Amino acid sequence: MAAHRKRKQRPLSGQAGRTAATLALAGAATATTAGAPSPAHAEPRLTAAQVKAKVDRLYEQAESATERYNGAKVKADDARASLTLLSDEAARRTERLNTSRDALGSIAAAQYRSGGLDPAVQLGLSSKPEDFLEGAALAERTGARQAAMIVSIRRELGRIAGLRGRADSRAAELRARQSELARHKSAARAKLDSAQRLLDRLTAAQRARYDQRQDQGTGGQQGRGQRDQGQRAGAVPAPNSRAAAAVAFAYGAIGKPYVWGATGPGSFDCSGLTQAAWRAAGVSLPRTTYTQINAGRRVSHDQLSPGDLVFFFSGVSHVGIYVGGGQMIHAPRPGSAVRLAPVDQMPFAGAARPV
């Protein structure tokens, strides 16, 4: 019995114990490391200058998407208005068609009720043949009118079918424009959200310096510009009364917030401001930057006069209204307000004089 009894293991001690413990800990650490996920790569730290450059680029891209949204919205509104007109016209013509059909049905029913005998028999049986012949002539004229009514109904059916076909085409166009609107809106929002995340990485002092640079541009000072706007407006006379009215409107809009897609009166985006300013002067401008640049006569940078539209960036994605003295009034970007700024603050793309 004693020979078969399991030998009791004695704990390791001394150097052997320490070596075993070390090996066990090393194995556990290896197993833990192998099972744990690898650490994520940290985002590279950007300098304040790099953040500013990236944010400025994102705002430019967002504004480009905004102008494409504005253009798609104009086309969607046109398609919706056209669809309404076509639908209303089709409804009116259908109502007239139904009236003609009812009249034709009444004539046919009357003929059916009175058409039992052959006309020769009716003439032979009539006590007053002259009355019968007069009635027969009337029936013949009625038949001619009925034939003309049938031709008219057929033509009206063709017109209604054409209207409905055009309405279906406009409805399809409207659906496509609405999809385009959603796509451009999503693109603009994504760029703006990315810009905000970058700005949130700045310290309070860095953010303050960034905002101050945006306010001042390359030397303009927003506060001073608002205080002496009357003096600035009179310093360089506008070339005509309409340009003067547009400039006056722009000065009156200073301080109103930039709102994506807005055309006033309480808020604006960049092309919404210029459109509203010239509307106040009695001139209708198209809605987007890339259509406004073709409204009126093109002028060079050294020919600028108050009221001119000034455009920026290679994609013509931003616009302001020149007020003289190297200054413009524009709606810069979300989170800002309409302000006075140097016209050389951004890459100049061209200018147009509406009148």
Side-chain angles (χ1 to χ4, degrees), residues 62-102 149-191 242 246 249 258-298 309 311 315-319 321 331 352 354-355:
E63 195 150 40
S64 180
T66 299
E67 290 305 310
R68 289 194 293 270
Y69 170 89
N70 290 338
K73 187 175 186 303
V74 169
K75 293 176 181 177
D77 290 344
D78 288 345
R80 186 180 294 105
S82 178
L83 175 60
T84 299
L85 289 174
L86 289 169
S87 299
D88 290 348
E89 180 65 15
R92 286 192 296 270
R93 287 186 176 273
T94 300
E95 187 176 354
R96 288 199 296 268
L97 175 64
N98 290 336
T99 300
S100 298
R101 279 173 165 169
D102 291 343
M149 188 177 294
I150 291 172
V151 171
S152 175
I153 286 174
R154 285 175 176 169
R155 287 175 179 169
E156 196 67 19
L157 281 170
R159 293 190 187 101
I160 291 172
L163 284 169
R164 287 175 175 166
R166 288 160 60 194
D168 289 344
S169 177
R170 280 297 189 176
E173 180 185 352
L174 178 57
R175 289 192 294 271
R177 296 301 181 192
Q178 288 171 332
S179 296
E180 187 181 0
L181 280 173
R183 187 169 66 254
H184 291 319
K185 184 175 183 177
S186 176
R189 293 296 185 195
K191 299 297 183 184
R242 287 186 171 182
F249 181 95
Y258 180 110
V259 172
W260 193 81
T263 58
S267 57
F268 303 91
D269 65 12
C270 71
S271 56
L273 172 65
T274 51
Q275 185 187 49
W278 274 99
R279 186 192 303 121
V283 177
S284 178
L285 291 183
R287 177 64 180 93
T288 65
T289 54
Y290 50 84
T291 52
Q292 287 182 6
I293 196 170
N294 295 317
R297 179 169 64 90
R298 293 287 189 94
L309 304 175
F311 300 88
V316 193
S317 58
H318 189 71
V319 62
I321 184 166
V355 294

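None of these values were measured; they are calculated from a predicted model.
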Heavy-atom closest contact (Glu180 atom, Ala72 atom, distance): CD-CB, 3.8 Å
Expected output: side-chain Thr84 to main-chain Arg80 donor-acceptor under 3.5 Å: yes
Rounded distance (nearest 0.5 Å) linking atom CZ of Arg166 with atom CG of Leu83: 11.5 Å
Donor-acceptor contact present, side-chain Arg189 to main-chain Ala62, <3.5 Å: no
From CG (Leu85) to CZ (Arg170), nearest 0.5 Å: 10.0 Å
Arg183-Ser179 side chain donor-acceptor pair, cut-off 3.5 Å: no
For the student: nearest non-hydrogen atoms of Phe249 and Ala277, plus distance: CD2-CA, 3.4 Å
Considering all heavy atoms, the nearest Ile293-Val316 contact: CD1-CG1, 3.8 Å
Straight-line distance of Tyr258 OH to Leu273 CG, nearest 0.5 Å: 11.0 Å
Residues His318, Phe311; criterion side-chain contact (heavy atoms from CB on, under 4.5 Å); working and verdict: CA-CA 6 Å; His318 189 71; Phe311 300 88; over 6 Å; no
side-chain contact (heavy atoms from CB on, under 4.5 Å) evaluation trace for Trp278 with Leu309: CA-CA 10 Å; Trp278 274 99; Leu309 304 175; 3.8 Å; yes
Gln292 versus Ser271, side-chain donor and acceptor atoms under 3.5 Å: no
Euclidean distance, Arg159 CZ relative to Arg164 CZ, rounded to 0.5 Å: 14.5 Å
Step-by-step side-chain contact (heavy atoms from CB on, under 4.5 Å) determination, Leu163 to Arg93: CA-CA 10 Å; Leu163 284 169; Arg93 287 186 176 273; 3.5 Å; yes
Nearest atoms (heavy-atom pairs only) where Ser267 meets Val259: CB-CG2, 3.4 Å
Side chain Asn70, main chain Thr288, donor-acceptor under 3.5 Å: no
Donor-acceptor pair, side chain of Gln275 and main chain of Ser284, under 3.5 angstrom: no
Evaluation steps, side-chain contact (heavy atoms from CB on, under 4.5 Å), between His184 and Thr66: CA-CA 7 Å; His184 291 319; Thr66 299; over 6 Å; no
Taking every non-hydrogen atom, the tightest pair across Ala76 and Leu181: CB-CD1, 4.0 Å
Basic-acidic side-chain contact under 4.0 Å: Lys73, Asp77: yes
Separation between CG of Leu174 and OG of Ser169, rounded to the nearest 0.5 Å: 11.5 Å
Aromatic contact, Trp260 with Tyr69 (centres under 6.0 Å): yes
Arg92/Glu95 salt bridge by N-O under 4.0 Å criterion: no
Shortest non-hydrogen contact between Ala331 and Cys270, atoms and distance: O-CB, 3.6 Å
CG on Asp78 to CZ on Arg177, rounded to 0.5 Å: 9.5 Å
